[in-house]
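For reference, the structure is listed below as structure tokens.
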Amino acid sequence: MLKFSFFLAFGLLSLFASAQDCPILPTPAVYQPTNGQFVCSGNLLIDPSEITPNLKAAFTDYALWANNIQVSPFVQNPMVQFKKLTNVKQDSYSINIADRITISYSSEASCFYAWVSLLQLSTQQDGQLSFPKCFVKDYPEFQWRGLHLDVSRHFFTVNEVKRFIDLMAYYKFNTLHWHLTDDQGWRIEIKKYPLLTQVGAWRDSTVENHYTTQPRTYNKTRYGGFYTQEEVKDIVNYAGARFINVVPEIEMPGHARAALAAYPQYSCTGQVQGVEGLWGIFDDIFCAKEESILFLQDVLKEVLPLFPSAYIHVGGDEAPKTRWKECPNCQAVIKANGLHDEHELQSYFIGRMDAFLTQNGKKLIGWDEILEGGLSPNATVMSWRGYEGGKAAAAQGHYVVMCPGSHCYFDHYQGRGAEEPLAIGGFTSLEKVLSFDPIPPDMTTADAAYVLGAQGNLWTEYIPNMAQLEYMTYPRTIALSTALWSETKPTYEDFFAKLTTYHFPFLSAKNVNFSKSCLKPEIKTTRALGWGILIEKLPAKGIIAYATVLADIKAAKRKTKTVQIIVDQGPNLPSKEMDVIAHKALGAQIVFQTPPSPKYDNGSLTIVDGQLAARPWKGHEWLGFESDSVSFDLVFEKPIKVKEIRIHTLHDPNSWIWAAQTYMITLNKYGCGNGIADGYSTDEFIQIEVKDKHVKQIHVTLYGISKIPSGEPGAGNTPWLFLDEIEIR
Ligand code: ACM
Ligand code: ZN
């Protein structure tokens, strides 16, 4: 057993932020501290004469909620004065704190943003409220700063949604994309179609564990809930008072199983099926016949008056064309409208909704699949499968909201530890979110003007309750708000210091179950002297402990193939046991002929670090290749004896990841190649027996399938090939 440790407690981290730092997140454009504090005892007295009654009410409620500050109007001698400016940058504001606090603002929303910044500047001690004397000038970089909340997979009550909104407002988000319908539950009352909620809001079972875990088991408890129209109005008003616009999403033509459980006549087959209890993509979608289109327009007629939002989201993602291909009604629509295929039929379907919404003074927004078969004239595109959809839409002169899975999917894991609660997969760290730019580097300035902004998406398959919702949302959402608001981006180190010094205490005070994964030391394998060593690293603080374990592994592996290491993580965390497979390629140099995709390039040591990736998969434990074949060489310091090669790949068709099918291996001795093995495998795990000495290099090529077969998620696309440990024994 090996042991190494470090001696810096993470509690010390917060010392890195200094008193001169600006506590406000997202970082304001300008912060100039002057000397001293503005101190008051008792209530914060504001002059309401230059603000609307709405703002006055919002300020009072919000200050009490956020920082327990009592606000009272006092015109004669106020502590806070307001000044409305014209001809200034949209949503800009400034705060001057001297012998009195002056807030200048351009719009009602910007006055609220100023107020939030002021609250973030406040500290309270012994009944006294203090603000640092300073000057702040600020404005947002992007106008769409959103969070998406899926209330279908798991339902959140009115009060829970309000709490979600309150927290969003503290970080200057202005858009809540409310995902109200999906296969697993319809969540909004529609009076003309009562079965949508009587039937569609309730499912009889819910899959347990990760949906790829076999055999599947189900929790048979009936589960569901919905919002009455009165409750919807209440939430929309509540959000509006905090300058958050609520964009409803009514999914079509896919993700429709809950609606079709209630009204099967609007599917292609008419077959009666229950509300779905499994996660994934389902073949039964709305039929493209006229009756279904009119039904959905009827639904929208009731939805529109509830939402002042200019944008209405109609989904459009993940709609398999299986049923449409075989449906006489759908085929008749294709024929009657001179369409070429089912993609054009989807485009026709979305086009009908676009026309309807436009007629009703609204704008359609949909997931990037609405580009397939031709983009409807007034559509705005929400780009989730990377930046590509957004780039294509902007190039055609359409507005875009970016939310690429790589940076904006907060249902992904955020920490590397095995103790992270179950998530859908993928790895999106706090640091990665902070590095997000809604404008990809290869976008022209002209096209970039169409990017409204971005949002974080909270899909809730693996988020069953509010505590878990907060865990997945915070602190990543604060990094996102910084990426979207602040024109000058802070470094991760600065952001991290501010976050831990000022905002973790705020979140704790509000009892937010935020994730502390970013505080945990990272245990990483690095290469030194041609072999593997392990180091520990704290985020933003560089290497704080460093230990060579190779010599011990070498000694230990004569007796055992797996070596256990106990890592002392410091006084505030339990020690951690790690099993390292002590194989001969540990720490070997890898030379890629096929480069890993930047999306899943976690460094070549990922596949020779002695660690097997966990399942369900996390994005950081694999190398991902966007290619149907992958070639690389393992290069050894000294010639080695090889008896067995073990290759670990991943098979997760739901994530478009397919295991390698065939392989070719060449052993290279004394500079000449020697083909030793090729074969076929359908397993994630390939095991090859060989017997050779003096091997300096091993060349590996893996071949996957070139196209995802029909009927599978992502059919027709090239699948991903994911690679983990290459063990040489
Ligand atoms: C999506 O994540 N299916 C938009
Ligand atoms: Zn049909």
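Counting starts at 1 for both ligands and their atoms, following the listed order.
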Number the atoms of ligand 1 from 1 as they appear, then name those within less than 4.0 Å of a heavy atom of Glu318, with their elements.
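Those atoms are 3 (N).
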
Where ligand 1 meets Trp459 - atom numbers and elements under 4.0 angstrom, heavy-atom basis:
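Under 4.0 Å from Trp459, ligand 1 has these atoms: 1 (C), 2 (O), 4 (C).
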
If I take the Zn ion (ligand 2) as the centre, what angle separates the SG atom of Cys327 from the SG atom of Cys287? Nearest 10 degrees is fine.
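Output for this angle: 110°, rounded to tens.
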
Suppose you place the vertex at the Zn ion (ligand 2); what is the angle out to Cys330 SG and Cys268 SG, to 10°?
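An angle of 110° at the metal.
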
For [Y] together with [X], are the ring centres under 6.0 Å from each other?
{"X": "Trp658", "Y": "Phe722", "value": "no"}
{"X": "His177", "Y": "Trp367", "value": "yes"}
{"X": "His313", "Y": "Trp178", "value": "no"}

Nearest-neighbour protein heavy atom for atom 2 (O) of ligand 1, which is reported as residue plus atom name and distance
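I find the closest protein heavy atom is Tyr409 OH, 2.6 Å.
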
Quick one: nearest non-hydrogen protein atom to atom 3 (N) of ligand 1, plus distance?
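Scanning the protein heavy atoms, the shortest distance from atom 3 (N) of ligand 1 goes to Asp317 OD2, 2.7 Å.
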
Salt bridge or not between Asp437 and Lys489? Use side-chain N to carboxylate O under 4.0 Å.
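The answer is no: the pair does not qualify as a salt bridge.
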
If the threshold is 4.0 Å, N to carboxylate O, is there a salt bridge linking Glu470 and Arg163?
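Between Arg163 and Glu470 there is a salt bridge, with a charged N closer than 4.0 Å to a carboxylate O.
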
Just distances here: any N/O of Trp384 and N/O of ligand 1 closer than 3.5 Å?
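No.
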
Tell me whether the guanidinium CZ or amine NZ of Arg242 lies under 6.0 angstrom from the six-membered ring centre of Tyr238 and within 45° of its axis.
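Output yes; distance and angle both within limits.
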
